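Note that this is a predicted model, so its numbers are computed, not measured. Chain identifiers are assigned alphabetically (A, B, ...) following the order of the sequence lines, protein sequences preceding nucleic acid strands; residue numbering begins at 1 within each chain.
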There are 2 protein chains.
Amino acid sequence: MPQKISSAEWEVMNVVWEKQSLTAAEVFEALPKGHGWKQKTVNTFLTRLVDKGVLAADKQEKAYVYTARVAREKSVRIEGDSFLQRVFRGATGDLMLHFCENAELSADEIRELELLLKKKKARK
Amino acid sequence: MPQKISSAEWEVMNVVWEKQSLTAAEVFEALPKGHGWKQKTVNTFLTRLVDKGVLAADKQEKAYVYTARVAREKSVRIEGDSFLQRVFRGATGDLMLHFCENAELSADEIRELELLLKKKKARK
DNA sequence: ACGTATCTCCTACACCTGTAGGACATATGC
DNA sequence: GCATATGTCCTACAGGTGTAGGAGATACGT
């Protein structure tokens, strides 16, 4: 039911989810520089996210404060499933192998993954 | 250099990569039913993929035969990186954990992953 | 050779996305 | 109170995407 979040909108949502509650100016400030987006552009993204029901805009004196209405986990699951279907036709194993091969993982991350796999095996 | 492949186009590419060389009608035939796409719609996707340089169209008598000009592995890497950045800000570990938690994995897949992780650890 | 089935080519159109600009309301410093 | 800064609202516009339709060329059966 939450509508699709576009690529640029994800950037915005990532900062909102992290910082919880911010004004448009604060979002602009917190965004990784390098996109080269103007404040106005960021405002557009915010408005669209509100239209999509992903953000709530709360008028405080002076300016709106934006807050997420959709949990990050939920959006990640939707986007993840979509990616999984599109690119790997739902084969999670293939997906995991791909990222496992094509990515750097810290020793810690590897340990954590091994643990998770062990638990998964045990649960069978 | 290959342009972005849209969601519907991925479906098409998936069958082309699998079957190697097909006509528009064959692609249409091979596509998972349930999209409800008309032949004309599929044709549009094929044309656009040719424009993007992802497919080659080869005029045989009667009809064009389409073939991939870009290796699946390459497109998967590009799309994968983009997804990784967008949703997990580049944190592969988080991505892996997400799919590990949210997905069914066969015993075989788990074994294979464990093996890969072990190799990765060894290579440090 | 003629009708019929195929295929391709060109065209369309609405909605989404990235990218803002300008007008107008409002708060703030002095 | 007035100029200035800040924020919101509405508008725009080109390129990408999903979704085809119709016209015209071509091959095929008889």
Rounded interatomic separation in angstrom, taking CD from Gln60(A) and P from dA27(C): 14 Å

Salt bridge check, Glu73(B) against Arg77(B): does any charged N sit closer than 4.0 Å to a carboxylate O? yes

Atom pair distance, as rounded to whole Å: CG in Asp51(B) and P in dT8(C): 14 Å

Under-3.5 Å N/O pairs linking protein and nucleotides 2-6 of chain C:
none

Hey, are Glu79(B) and Lys4(B) close enough for a salt bridge, meaning a charged N less than 4.0 Å from a carboxylate O? yes

Considering all heavy atoms, the nearest Met13(A)-Leu49(A) contact: SD-CD1, 3.7 Å

Does one side chain, of Asn43(B) or Gln39(B), offer a donor that lies under 3.5 Å from an acceptor on the other? yes

Listed once per pair and sorted, the ring pair (Phe, Tyr, Trp, His ring centres under 6.0 Å) pairs that draw on residues 100-119 of chain B, sequence neighbours left out: none

Could you tell me how the ring of Phe45(B) sits relative to the ring of Trp37(B): parallel (under 30°), tilted (30 to 60°) or perpendicular (over 60°)? perpendicular

So if I take residues 10-43 of chain B and measure heavy-atom distances to DNA chain D, which residues fall below 4.0 Å? Gly36(B), Trp37(B), Lys38(B), Lys40(B), Thr41(B)

Tyr66(B): what forms a ring-ring contact (aromatic ring centres under 6.0 Å, His included) with it, not counting sequence neighbours? none

Starting at atom CG of Leu49(B), determine the distance to atom P of dG18(D), rounded to an integer number of angstrom. 10 Å

Which pairs pass salt bridge (Lys or Arg N to Asp or Glu O under 4.0 Å) with one or both residues in residues 11-25 of chain B, sequence neighbours excluded? Arg89(A)-Glu18(B)

Using the rule that Ile, Leu, Val, Met, Phe, Trp and Tyr join whenever any side-chain heavy atoms are under 4.5 Å apart, tell me whether Tyr64(A) and Val50(A) fall into a single cluster. yes

I'd like to know if Asp51(A) and Arg48(A) make a salt bridge, using a cut-off of under 4.0 Å between side-chain N and carboxylate O. no

Restricting to nitrogen or oxygen on both sides, can you table the protein-nucleotides 12-17 of chain D pairs closer than 3.5 Å?
| from | atom 1 | to | atom 2 | distance (Å) |
| --- | --- | --- | --- | --- |
| dT17(D) | OP2 | Lys52(B) | NZ | 2.8 |

Would you indicate, yes or no, if dC9(D) has its OP1 or OP2 atom less than 4.0 angstrom from a side-chain nitrogen or oxygen of Tyr64(A)? yes

